[in-house]
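Owing to the predicted nature of the structure, the values given are computational and were not obtained by experimental measurement. Proteins come first, then strands; the chains are lettered A, B, ... in the order of their sequence lines, and each starts at number 1.
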Amino acid sequence: MKQYIEELLKNVCMQCMEQGLLRQESLPAFVVEAPRNKEHGDLATNLAMMLAKTERRPPRQIAQMLVDRLHGASPHVEKIEIAGAGFINFFLKHEAWHDVLHDIATAGDRFGSSQEGGGRRIIVEFVSANPTGPLHIGHGRGAALGDALARILSFVGYDVVREYYINDVGNQMQNLGKSLYLRYLQELGQQVDFPEGLYRGEYMVAIARDLVQQKGRGIMELPEHDAMRFCTTYAAEVILADIKHDLELFGVRFDTWFSERTLFDNGHVQELLAHFQETGLVYETEGALWFRTTQFGDEKDRVVVKEDGTTTYFASDIAYHKQKFDRGFVQAIDIWGADHHGYVPRLTAVLKALGYPENALHVILVQMVNLLRDGIPVAMSTRSGEFVTLRQVIEEVGTDAARFMFLTRRSDAQLDFDLEIAKKQNDENPVYYVQYAHARICSIIGYAAEKGIAPPSASTVSIDLLTEPEERDIIRKLAAFPEVVAGSARACEPHRISVYLMELVGQFHRYYNRYRVVTDDPALSSSRLYLMLGIRQVLRNGLQLLGVSAPEKM
RNA sequence: GCGCCUGUAGCUCAGCCGGAUAGAGCAACGGCCUUCUAAGCCGUGGGUCGGGGGUUCGAAUCCCUCCAGGCGCGCCA
């Protein structure tokens, strides 16, 4: 409907231009949107005000000119008004909205989807936590966001791959192996010093205990180097398996698990470094090899090969991102914790140096999560290993509540996650507000069936009976869903869908309390039931995109 | 010191590609269950949109500046 009005306006402007009534040759950026206030019509546009700038004429005068030519131009428009500073408000005929319910019935779980992505290949990389310890709440936020975003992007027609990048080489891996080895020795009764910088979480002790169970003293008898190596691989595997399990509990799926190690095994990092040297993108100083990132917008040059000859994480990351594009993705979306934000300019710089387009990489930074219990911060110290894991949070509050909590807020603002609130199964917790509406509708449909009223279909229903203003408002809201999804995809902001669902559900609950769906009038009941089906479908589709369940009973 | 993010009701947050009287939930107070789920609904109160300046017909939204909080700042990842 919105596009329809836009077309209408464009045509009228063209007319005016041809007749020399408008000076400009192209249209200014204008919007057609549903006004907040119903008195301002179903749809409104600021077109006249935008034109006023360049036309140097009063907006209302321009509006009048346009409106004169709009009258009778469309069978769907009831009336048109000029209001305020020069808004043009459209009041649509009731029937104009009816098609929406048919559209929903026809499209079903595809309602709201589109072909906007045109099958273009996008890779969404998220979580990518080092396999050195369990996931915590912050990873959960990134996981929820990445997963929802991937769902949304595929819904609007992109070919999306979800990837987890595993940092399985480097110092932290050495430290992991050492940590396990020492814990293992301790388990076997040896007195060992546990140096700073190692992973001293309880989970390592548990892994060591298992290791003893499986291998007894076997590892201890190996040469230390081999033992350490074994421990590294063993610990990483166990922890990664654990991470996978947590993510599964959290409803998060990955298509590919990309190992950093393979970048070395396949020679990608080495090749890339050689290439950089040939092209003069790197230089040597102070014993290290530096990339000229400053030439591409970064504030400092960055080390790719350290003084000791080993490569930095940055070097791997360059190779990794090049890999992404080599694999045919036209865009890479990375979801990072905000503490890595300083890293964006250098990676962008390198990709620029390699000749990739500006928007090839889109980094989304998710801000920190403060975990609270009853308003009091829960201590989260990684060093001591005393932290609340994502698993614990899921077990305590549930996947749906946790995901919804993350996905109701913008990612670029810090978030207070209060366990007690998330756990409450009441109206303090918006996820239940939304789910309850779904369950309620299911219940209504069940009740109707008991009364012998079958779910209506497009051919049997008489939508004309939906004459209440609330019904019309709900239909209008349903009509907006595809637009919300598209906007959410474009902005990479899943929370827009949550906010929309809460608004829709608010309208539904109000309607439910005021009107009965199943009445003595079969035709009316049937048409209201049709409306219910529409709401339920949109709720399902929306919740599906968020990865939150839509329970039939609560 | 420099950079990124944030500052909206008592609390948690939407709204931010400029648009019409600034929204929701919670908390507070008062109502609504013999009929489709009260995890719901209705009503009341609650705001210098961090402060100041600027651009504009119009600013919570854009620009500058200051203040406050968080995060980061050459060979850790």
Side-chain angles (χ1 to χ4, degrees), chain A residues 29 31 33 35-37 39-40 44 46 49-50 52-53 58-59 83-87 89 130 132 167 169-173 175 197 260 286-290 299-308 310-317 337-345 365-368 370 372 375 405 408-418 421 424-437 439-448 450-451 487 490-491 495-496 498-499 502-503 505-506 508-519 525 528-529 532 553-554:
Chain A
V31 290
E33 57 188 3
R36 270 204 313 268
N37 190 335
E39 286 164 28
H40 298 139
N46 62 350
M49 288 180 281
M50 299 309 283
K53 275 196 219 298
F87 292 98
N89 298 336
N130 294 345
T132 54
N167 300 120
V169 291
N171 277 334
Q172 87 281 0
M173 279 292 115
N175 290 340
E260 181 183 1
E286 296 170 48
L289 196 65
W290 301 67
E299 51 177 14
K300 293 163 185 166
D301 286 341
R302 309 292 174 176
V303 172
V304 283
V305 180
K306 295 180 255 181
E307 211 169 349
D308 66 4
T310 60
T311 57
T312 58
Y313 175 82
F314 182 45
S316 303
D317 225 17
D339 51 341
H340 290 66
H341 74 261
Y343 205 78
V344 178
L365 297 168
V366 313
Q367 292 289 334
M368 304 286 116
N370 302 313
L372 309 174
M405 184 75 78
T408 313
R409 288 151 167 85
R410 292 161 58 202
S411 58
D412 52 7
Q414 285 174 62
L415 166 67
D416 287 341
F417 191 108
D418 195 308
I421 288 179
K424 279 185 191 162
Q425 302 213 350
N426 63 16
D427 39 14
E428 271 184 78
N429 205 343
V431 69
Y432 298 108
Y433 188 59
V434 177
Q435 290 184 321
Y436 184 58
R440 231 178 187 180
I441 292 173
C442 290
S443 174
I444 295 170
I445 291 166
Y447 177 80
E450 277 175 35
K451 295 276 173 189
R490 269 179 234 132
H495 79 271
R496 295 187 186 199
S498 316
V499 170
M502 288 192 288
E503 288 166 357
V505 151
F508 161 73
H509 284 307
R510 252 166 274 143
Y511 176 76
Y512 175 88
N513 272 273
R514 181 146 180 206
Y515 300 96
R516 280 190 65 80
V517 173
V518 180
T519 64
S525 303
R528 288 188 172 168
L529 220 41
M532 292 303 114
K553 275 184 189 164
M554 285 175 75

For this session: Only counting residues at least two apart or in another chain, list the ones meeting side-chain hydrogen bond (donor to acceptor under 3.5 Å, both in side chains) with A:Ser498.
Result: none
Exercise. Would A:His40 count as stacked on B:A20 if the rule is ring centres under 5.5 Å and plane angle under 30°?
Worked result: yes
Seminar exercise, completed: Closest to the 5' end of RNA chain B, once A:Glu39 and A:Tyr515 are matched to their nearest nucleotides, is A:Glu39
Exercise. What class does the angle between the rings of A:His509 and A:Tyr433 fall in, given that below 30° is parallel, 30 to 60° is tilted and above 60° is perpendicular?
Worked result: tilted
For this session: Kindly determine whether A:Ile441 and A:Phe508 satisfy side chain to side chain contact (heavy atoms under 4.5 Å, CB included), including the steps that lead there.
Result: CA-CA 9 Å; A:Ile441 292 173; A:Phe508 161 73; 3.5 Å; yes
Problem set entry | Between B:G50 and B:G69 - C1' atom distance, rounded Å | 11 Å
Problem set entry | side-chain hydrogen bond (donor to acceptor under 3.5 Å, both in side chains) partners of A:Arg496, counting only residues at least two apart | A:Glu493
For this session: Return the value, rounded to whole Å, for the distance between atom CZ of A:Phe314 and atom C1' of B:A77.
Result: 13 Å
Exercise. Does a distance-only test, which skips hydrogens and angles, find a donor-acceptor pair under 3.5 Å between the side chain of A:Asn175 and the base of B:A77?
Worked result: no
For this session: Please state how far atom CZ in A:Arg410 lies from atom P in B:C13, giving the value in whole angstrom units.
Result: 12 Å
Problem set entry | Distance, nearest 0.5 Å, that separates CZ of A:Arg516 from CD1 of A:Ile444 | 9.0 Å
Exercise. How does protein reach along nucleotides 66-73 of chain B, written 5' to 3' as B (base within reach of a heavy atom under 4.0 Å), S (only sugar-phosphate), or - (no contact)?
Worked result: ---BSBSS
For this session: Please measure how far the C1' atom in B:G19 lies from the corresponding atom in B:A60, and state the result in whole Å.
Result: 13 Å
For this session: Test side chain to side chain donor-acceptor pair (under 3.5 Å) on A:Tyr511 and A:Arg528 and set out the steps.
Result: CA-CA 11 Å; A:Tyr511 176 76; A:Arg528 288 188 172 168; 3.2 Å; yes
Exercise. So, does A:Asp301 use its side chain to make a donor-acceptor pair with the main chain of A:Trp290 at under 3.5 Å?
Worked result: no
For this session: Under 4.0 Å between any heavy atoms, over every strand shown, what does A:Glu286 touch: base, sugar-phosphate, or nothing? Just pick one.
Result: base
For this session: Take nucleotides 55-61 of chain B nucleotide by nucleotide from the 5' end and write B, S or -, depending on whether a protein heavy atom sits under 4.0 Å from the base, only from the sugar-phosphate, or from neither.
Result: --BB---
Problem set entry | Interatomic distance where CG belongs to A:Asp412 and P belongs to B:G15 [whole Å] | 9 Å
Exercise. What's the spacing between A:Arg409 CZ and A:Phe417 CZ if we round to 0.5 Å?
Worked result: 9.0 Å
Problem set entry | Atom P, compared across B:C73 and B:U12: separation rounded to whole Å | 28 Å
For this session: Using atom types as modelled and distance alone, determine if a side-chain donor or acceptor of A:Thr311 lies under 3.5 Å from a backbone N or O of A:Val305.
Result: no
Exercise. A:His509 has a side chain; which of B:A77, B:C41, B:A20 sits nearest to it?
Worked result: B:C41
Seminar exercise, completed: Regarding the side chain of A:Asn513, the nearest nucleotide among B:A77, B:G40, B:A39 is B:G40
For this session: May I ask whether A:Phe87 stacks on the base of B:A20, given the cut-offs of 5.5 Å between ring centres and 30° between planes?
Result: yes
Exercise. Could you give the CD-to-C1' distance, from A:Glu307 to B:G74, as a whole number of Å?
Worked result: 13 Å
Problem set entry | Between B:G7 and B:C49 - P atom distance, rounded Å | 14 Å
Exercise. Less than 4.5 Å apart, any side-chain heavy atom of A:Met405 and any of A:Val431?
Worked result: no
Problem set entry | Length of the line joining A:Tyr433:OH and B:A24:P, which is rounded to integer Å | 10 Å
Exercise. Reckon A:Met502 touches a base, only the sugar-phosphate, or nothing at all at heavy-atom distances under 4.0 Å?
Worked result: nothing
For this session: Rounded off to whole Å, could you give me the CZ-to-C1' distance for the A:Arg510 and B:C32 pair?
Result: 16 Å
Exercise. Atom CZ of A:Arg514 and atom P of B:C36: how far apart are they, to the nearest Å?
Worked result: 19 Å
Problem set entry | Verdict with supporting geometry, A:Arg410 and A:Gln367, side chain to side chain contact (heavy atoms under 4.5 Å, CB included) | CA-CA 9 Å; A:Arg410 292 161 58 202; A:Gln367 292 289 334; over 6 Å; no
Problem set entry | Phosphate OP1/OP2 of B:C42 contacted by A:Tyr512 side-chain N/O (<4.0 Å) | no
Exercise. If we take the P atom in both B:C71 and B:G52, what is their distance in whole Å?
Worked result: 28 Å
Problem set entry | From CA spacing to verdict: side chain to side chain donor-acceptor pair (under 3.5 Å), A:Ser316, A:Glu260 | CA-CA 7 Å; A:Ser316 303; A:Glu260 181 183 1; 2.6 Å; yes
Exercise. Rounded to the nearest Å, what distance is computed from the OH atom of residue A:Tyr313 to the C1' atom of nucleotide B:A77?
Worked result: 6 Å
For this session: With heavy atoms under 4.0 Å as the rule, sort A:Lys451 into base, sugar-phosphate or nothing.
Result: nothing
Problem set entry | Rounded P spacing from B:U61 to B:A22 in Å | 14 Å
Exercise. Counting only N and O atoms by type, is there a donor-acceptor contact under 3.5 Å from the side chain of A:Asp308 to the main-chain atoms of A:Thr310?
Worked result: yes
Exercise. Are any side-chain N or O atoms of A:Gln414 and backbone N or O atoms of A:Ser411, one a donor and one an acceptor, separated by less than 3.5 Å?
Worked result: no
Problem set entry | Distance-only donor-acceptor check, side chains A:Tyr515 and A:Arg510, under 3.5 Å | no
Exercise. Looking only at atom P, what distance separates B:A59 and B:G74, rounded to whole Å?
Worked result: 43 Å
Exercise. Toward the 5' end of RNA chain B, which comes first, A:Val169 or A:Ala439, by nearest nucleotide?
Worked result: A:Ala439
Exercise. Any donor and acceptor pair, going by atom type alone, linking the side chain of A:Thr312 with main-chain N or O of A:Val303 inside 3.5 Å?
Worked result: yes
Is there any protein nitrogen or oxygen under 3.5 Å from a nitrogen or oxygen in nucleotides 10-12 of chain B, and what are the pairs?
| residue | atom | partner | partner atom | Å |
| --- | --- | --- | --- | --- |
| B:U12 | O2' | A:Arg409 | NH2 | 2.4 |

Exercise. What nucleic acid atoms does A:Val518 come within less than 4.0 Å of, heavy atoms only: base, sugar-phosphate, or nothing?
Worked result: base
Exercise. Does A:Arg490 make a side-chain N or O approach to OP1 or OP2 of B:C17 shorter than 4.0 Å?
Worked result: no
Seminar exercise, completed: dist A:Glu33:CD -> A:His40:NE2 (nearest 0.5 Å) comes out at 12.5 Å
Exercise. Looking only at atom P, what distance separates B:C66 and B:A27, rounded to whole Å?
Worked result: 41 Å
For this session: Using a 3.5 Å limit on both pairing distances, list the dot-bracket string of RNA chain B from the 5' end; Watson-Crick and G-U wobble pairs count, crossing pairs take [ ], interstrand pairs take |.
Result: (((((((..((((.....[...)))).(((((.......))))).....(((((..]....))))))))))))....
Exercise. If you look at every strand shown and take non-hydrogen atoms under 4.0 Å, does A:Ala491 touch a base, only sugar-phosphate, or nothing?
Worked result: nothing
For this session: Under 4.0 Å between any heavy atoms, over every strand shown, what does A:Ala44 touch: base, sugar-phosphate, or nothing? Just pick one.
Result: base
Exercise. A:Asn167 has a side chain; which of B:U6, B:A77, B:C41 sits nearest to it?
Worked result: B:A77
